K.L.:
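Here it is, the structure in full.
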There are 2 protein chains.
Amino acid sequence: MAAGASALAQKLSRFLPLKPDELESLAGLEARRRAIPAHTELVHERQTGHQAFILLEGWACAYKLLPDGGRQVIDFSIPGDFMGLRSVLLRTSDHAFAAVSDILVAEVSAGQMIDTFQRRPRLAAAILWAASRDEAMVVEHLVSIGRRSALVRMAHLLLELGLRLQLVGLGSPGGYACPLNQYLLADALGLTAIHVNRVLRQLRERGLVTLREEQVEFHDPAGLHSLAGYHTGYLDQGEGPAS
Amino acid sequence: MAAGASALAQKLSRFLPLKPDELESLAGLEARRRAIPAHTELVHERQTGHQAFILLEGWACAYKLLPDGGRQVIDFSIPGDFMGLRSVLLRTSDHAFAAVSDILVAEVSAGQMIDTFQRRPRLAAAILWAASRDEAMVVEHLVSIGRRSALVRMAHLLLELGLRLQLVGLGSPGGYACPLNQYLLADALGLTAIHVNRVLRQLRERGLVTLREEQVEFHDPAGLHSLAGYHTGYLDQGEGPAS
DNA sequence: CGGCAAGTTGAACCGCCTCAATGACGGTGG
DNA sequence: CCACCGTCATTGAGGCGGTTCAACTTGCCG
């Protein structure tokens, strides 16, 4: 893989080494770029219009709002992630997207997607693999919220984000830059910001992990894995074709 | 659509009216049938071997087990649902499947799937639409567990199952047959069976809905919708092609 | 300097859990 | 035929995890 390849190209190459013509098609999907400032809503819930985004730089999140004003963050998007791929087939978007930090995205129309899928089946398979992996992450998230304690949930999330970032060349085993504040973490984990604060304190006091000044630092990765009961199976960190 | 068509054919036809040759291919996917008794595990977590199932009759559930013995049900499968579609691309299944009642399934190999996708692009789009819809349901489920009270969660689940069943010709606006016991509901909603019991009692005493002898009866659909803050957008109950 | 967003901490409350027990039902074997 | 069992539903009492409300701090920016 060429140096300087996009985060998405890096990620897909883990599943399937991409050929020059496939990389070219991928670059075509990433051509129509747009910078978006932090805290902007890209897509609102139930928005029609079939287009997806590829996140090139920065962090975003997918979420749903509730009638009572509450918010549930479905997942966080990092460079190399598709956003809104589902709305290419569904009539409307089933959730909203917002920029967490300043971000750079590529807009992809439904037509472009379908065209690429027909002309580049291997690339299509790789993109569907990535989408399946994202789905598996949502499922793991659901399990977290349903059956794990707040402490374990937080540990799990911080570990998962670390692994995902490493796959696209951001972050290291020791930590990573993380623009998420405690409100966002709370809405992701189904907690209040206040309790997130207490949970982070516990993790810090146990010498496991620190989140300070937008930086996550793992002090005891083994201890954290053990606390979180973490196994990476669902992430399928690609070691060649699955089939 | 022909009378007596499979539940899956009924469902897909809502998205895209299927042509005879497409219905034939679909029937081909549903040909290799197998009866499975209740409470049997079809696929265990991290199972390799790329195959999917189409549920033809009965109910099943997808779930993950936790180290502490807990269980989180990801979703329930009803006739016309695919199970394990994701494991066609992912190296291993990211969760387990079990039969809730006695069921009848069709086994579909990864090769068969890929072959059908290449030869019948319209059918492929319809199947991906159904898969996107399933994903949207998992997302809604996540929102429920993360941000809704136990009472609202339960109301939401019972309503959603009702709508899904109606789409494949099972159940009516007044209710439906439901083989789920309180333990299963608890593991789906992130509660204990004991609390499920109390929640069901509340719903009953408020005159909204009853679950007795494997039968759900809606006594006040409007009141239930209002309590659940239910809107059907994410279900995309198909009224013709989306694109 | 004043204002706002984000983080931190304490105290009281409550939704849901845990532990414990009881009842209803169908199946099974003596 | 009935004693026995396992499964499921039901109910009570007490406890804990996480919420709610209410400060107070810190840092940033105009």
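These numbers were taken from a predicted model, which means no experiment stands behind them. Note that these values count all heavy atoms, side chains included, but never hydrogens, waters or copies made by symmetry. Each chain gets a letter, A, B and so on, in the order the sequences are listed, and its residues count up from 1.
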K.L.:
When the distance from CG of B:Leu180 to P of D:dC8 is rounded to whole Å, what number comes out?
P.N.:
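These atoms are roughly 12 Å apart.
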K.L.:
Looking at A:Glu57, A:Glu30, A:Lys11, which hits side chain to side chain donor-acceptor pair (under 3.5 Å) with A:Ser6?
P.N.:
A:Glu30
K.L.:
For D:dG18, does OP1 or OP2 lie under 4.0 Å from any side-chain N or O of A:Thr192?
P.N.:
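Checking D:dG18 against A:Thr192, no side-chain N or O comes under 4.0 Å of OP1 or OP2.
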K.L.:
Give the nucleotide from the list D:dC8, D:dG18, C:dT9 with an atom nearest to the side chain of A:Ala150.
P.N.:
D:dG18
K.L.:
Nearest to the A:Ile194 side chain among C:dC19, D:dA22, D:dC8, which nucleotide is it?
P.N.:
D:dA22
K.L.:
Using a cut-off of strictly less than 4.0 Å, decide whether B:Asn197 has a side-chain nitrogen or oxygen near OP1 or OP2 of D:dA9.
P.N.:
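Negative; the distance criterion is not met.
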K.L.:
May I ask you to decide if A:Ala136's main-chain N or O and B:His95's side chain share a donor-acceptor pair within less than 3.5 Å?
P.N.:
no
K.L.:
Near DNA chain D, counting only heavy atoms under 4.0 Å, which residues of residues 184-191 of chain B show up?
P.N.:
none
K.L.:
Nearest to the B:Arg204 side chain among D:dT10, D:dC8, C:dT9, which nucleotide is it?
P.N.:
D:dT10
K.L.:
Between C:dG7, D:dT19, D:dT10, which nucleotide gets closest to the side-chain atoms of A:Gln182?
P.N.:
C:dG7
K.L.:
Would you classify A:Arg201 as touching base, sugar-phosphate or nothing, given that sugar-phosphate means primed atoms plus P, OP1 and OP2, and contacts are heavy atoms under 4.0 Å?
P.N.:
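The residue A:Arg201 makes sugar-phosphate contact but no base contact.
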K.L.:
From the options C:dG7, D:dC8, C:dT18, select the nucleotide whose nearest atom is closest to the side chain of B:Asn181.
P.N.:
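Closest nucleotide among those given: D:dC8.
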K.L.:
Which listed nucleotide (D:dT10, C:dG10, D:dG18) is nearest to the side chain of A:His195?
P.N.:
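Given the options D:dT10, C:dG10, D:dG18, the side chain of A:His195 is closest to D:dG18.
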